[in-house]
Student: 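Got a structure for you, written out below as structure tokens; questions coming shortly.
Note that the structure is predicted; figures quoted are calculated from it, not measured. Both backbone and side-chain heavy atoms feed into the values below; hydrogens, waters and symmetry mates do not.
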Amino acid sequence: MKATIYDVAREAGVSIAAVSQVMNGKGKISEERRAEILKTMERLNYQPSVIASALTGKKTFTLGLLVPDISNPFFAEIARAVEDQGHHLGYSLVICSTDNKDERVERYLNLLQQKSIDGMIIGTGMDNKEMLTPLMKQGIPIAMIAREMPDIGVHTVVVDDCVGGALAAKHLLDLGHTRLAILAEHAKVISSRERVRGFRNTLEEAGVVLPDSGVRNCHYTVEDGKRQAIALLEESAGVRPTALFCCNDMLAIGALQAAKQLGLKVPEQLSVIGFDNTILASVTDPPLTTVAQPIEPMGKRVVDLLIQELKKESTTKQRVVLRPELMIRQSTASPTEVD
């Protein structure tokens, strides 16, 4: 038979009211007792009616997450971090891939709104910010992760992308590179623009010129990274770059494939550095030097901000900026073979 709230209360040794308070995120219940009740609910496979809860105006314990592409390892790891923290606090997660297309964003926002989600986490780009207005009017908390909307008052958790770009540039300059190029994401992606800005500023401070032709905008796929890298390296064959800074690991893997196709040795003839430090960075050949985003802390923090707002513990919108870290592996070295 299907477990009831009475079964949960009996097994956990608490009152029905205590179980209800945990389900609704209310009451002065210790974290230890709250965890015990949640474990009992999980063990008994207790599933309160989400539909009934929504109809009565109660919480559904469901969060929405919009990402560009769940097959992208960075966003897959973001989703896992968000899901883990949500699960720890008793929330389920609905994940939607948008391909950074406004029509898909709007469709999913409407769908999640119909499902009476308690909070929304957005990690995708969108041109029409007015799509968020219906959620905001309903008082549904919204938070951004790895993306920013500076003109909208929502929680935001990001890495310091400008510092990350600077870390990449400093590493390559310290190795002796002076001929560099960048594979960037679309110019409308704020995080990519900031990474390019940090990289270029650091080069300028060192007196190294990076021409506009040395920055190529790409889609965020391995295939486009490879295509753009091949074009860049072939067009500049006489004075080709000795190092490429790629604004995500997918583009960096494409650059590694391009180097292999063109017969260039990595890192002897071409150094490649990525950004994100996804699981792929440690399994490429050679292993990829990259700027690491603190993915797990980002996911945990964005969920905590939403839950605090749901519990009305805080009404202040926060912008949390975490610091990236350079992970040095075998895809970067001094330019020992220069044309």
Side-chain angles (χ1 to χ4, degrees), residues 68 72 74-75 77-78 100 122-126 143-175 177-178 180-220 225 228 241 243-252 255 271-278 281 288-299 301-302 305 317-328 331-332:
N72 182 324
F74 172 71
F75 291 107
E77 292 176 32
I78 282 286
N100 282 325
I122 298 176
T124 187
M126 62 171 68
M144 306 293 299
I145 185 168
R147 291 287 187 271
E148 291 204 66
M149 291 186 185
D151 51 344
I152 294 181
V154 297
H155 297 297
T156 302
V157 179
V158 292
V159 73
D160 195 325
D161 292 297
C162 187
V163 168
L167 288 174
K170 185 177 185 307
H171 174 62
L172 295 174
L173 289 171
D174 287 346
L175 290 172
H177 292 278
T178 56
L180 306 105
I182 301 175
L183 296 185
E185 293 183 62
H186 195 282
K188 73 177 183 180
V189 179
I190 294 177
S191 58
S192 184
R193 290 207 310 265
E194 285 296 291
R195 292 167 195 178
V196 171
R197 183 170 72 89
F199 192 88
R200 297 191 82 153
N201 287 348
T202 303
L203 294 189
E204 289 175 6
E205 291 171 1
V208 175
V209 176
L210 176 64
D212 290 340
S213 60
V215 181
R216 300 296 176 96
N217 291 327
C218 314
H219 297 298
Y220 58 86
Q228 293 281 9
L244 288 179
F245 169 48
C246 305
C247 286
N248 65 47
D249 287 348
M250 303 282 276
L251 297 180
S271 285
V272 177
I273 183 168
F275 203 110
D276 288 339
N277 195 39
T278 61
L288 184 65
T289 295
T290 187
V291 179
Q293 297 204 57
I295 294 175
E296 188 172 339
M298 289 171 70
R301 191 64 182 273
V302 78
L305 288 173
K317 305 300 182 183
Q318 296 188 39
R319 180 177 183 268
V320 179
V321 183
L322 302 178
R323 187 174 179 85
E325 179 183 0
L326 180 67
M327 306 296 292
I328 300 175
S331 68
T332 51

Student: What is the distance from atom CG of Asn277 to atom CD of Glu77, rounded to the nearest 0.5 Å?
Tutor: 8.0 Å

Student: Are the side chains of Asp160 and Arg323 in contact, using a 4.5 Å heavy-atom criterion?
Tutor: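 No - every pair of side-chain heavy atoms lies 4.5 Å or more apart.
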
Student: Does the Ser331 side chain pair with the main chain of Thr289, one donor and one acceptor, at a distance under 3.5 Å?
Tutor: yes

Student: Could you tell me whether the side chain of Met144 reaches within less than 4.5 Å of the side chain of Ile152, counting heavy atoms only?
Tutor: no

Student: Which distance, rounded to the nearest 0.5 Å, do you find between the CZ of Arg193 and the NE2 of His186?
Tutor: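 Between Arg193 CZ and His186 NE2, I get 10.5 Å after rounding to 0.5 Å.
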
Student: Evaluate the side-chain proximity of Val196 to Cys247: yes if any heavy-atom separation is below 4.5 Å, no if none is.
Tutor: yes

Student: Checking side chain to side chain contact (heavy atoms under 4.5 Å, CB included) for the pair Leu183/Arg216: CA distance, chi angles, key distance, verdict?
Tutor: CA-CA 5 Å; Leu183 296 185; Arg216 300 296 176 96; 4.0 Å; yes

Student: Please find the pair of heavy atoms, one from Leu180 and one from His177, that lie closest to each other, and give the distance.
Tutor: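 For Leu180 and His177, the tightest heavy-atom pair comes out as CD1-O, 3.9 Å.
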
Student: Report the distance from atom CG of Asn217 to atom CG of Leu251, rounding to the nearest 0.5 Å.
Tutor: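 Answer for the CG-CG pair, Asn217 versus Leu251, is 10.0 Å.
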
Student: Provide the closest heavy-atom pair for Leu305 versus Val320 in the form atom of the first, atom of the second, distance.
Tutor: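 Closest approach of Leu305 to Val320, heavy atoms only: CD1-CG2, 4.2 Å.
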
Student: Please table the atom pairs, donor to acceptor, closer than 3.5 Å between any side-chain atom in residues 163-173 and protein atoms at least two apart or in another chain.
Tutor:
residue: Lys170; atom: NZ; partner: Asp174; partner atom: OD2; Å: 2.9
residue: His171; atom: NE2; partner: Thr332; partner atom: OG1; Å: 2.9

Student: Measuring from Ile145:CD1 to Ile122:CD1, what's the distance to the nearest 0.5 Å?
Tutor: 12.0 Å

Student: Mind listing the closest non-hydrogen atom pair of Arg200 and Asp212 along with its distance?
Tutor: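 Closest pair (atom of Arg200, atom of Asp212, distance): NH2-OD1, 3.2 Å.
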
Student: Using every non-hydrogen atom in the two residues, find where Asn100 and Gly125 come nearest and quote the distance to one decimal.
Tutor: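 So the minimum-distance heavy-atom pair works out to OD1-N, 2.9 Å.
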
Student: Locate the shortest heavy-atom distance separating Arg147 from Ser191; write the atom from each residue and the value.
Tutor: NH1-OG, 3.9 Å

Student: Any side-chain to backbone donor/acceptor pair from Asn248 onto Phe275? Under 3.5 Å, distance only.
Tutor: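 No, the answer is negative, given that no donor and acceptor are paired below the 3.5 Å cut-off.
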
Student: Is any side-chain heavy atom of Glu194 closer than 4.5 Å to a side-chain heavy atom of Cys162?
Tutor: yes

Student: Do Asp276 and Gln293 touch side chain to side chain, with heavy atoms closer than 4.5 Å?
Tutor: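 Side chain of Asp276 against side chain of Gln293, heavy atoms only: contact under 4.5 Å found.
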
Student: First locate atom CD1 of Ile190, then atom CG of Asp161, and finally report the distance between them rounded to the nearest 0.5 Å.
Tutor: 9.5 Å

Student: So, for Gly274 and Phe245, which heavy atoms are closest and what is the spacing to 0.1 Å?
Tutor: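 Heavy atoms of Gly274 and Phe245 come nearest at O-CE1, 4.1 Å.
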
Student: What distance separates Leu210 CG from Thr202 OG1, expressed to the nearest 0.5 Å?
Tutor: 11.5 Å

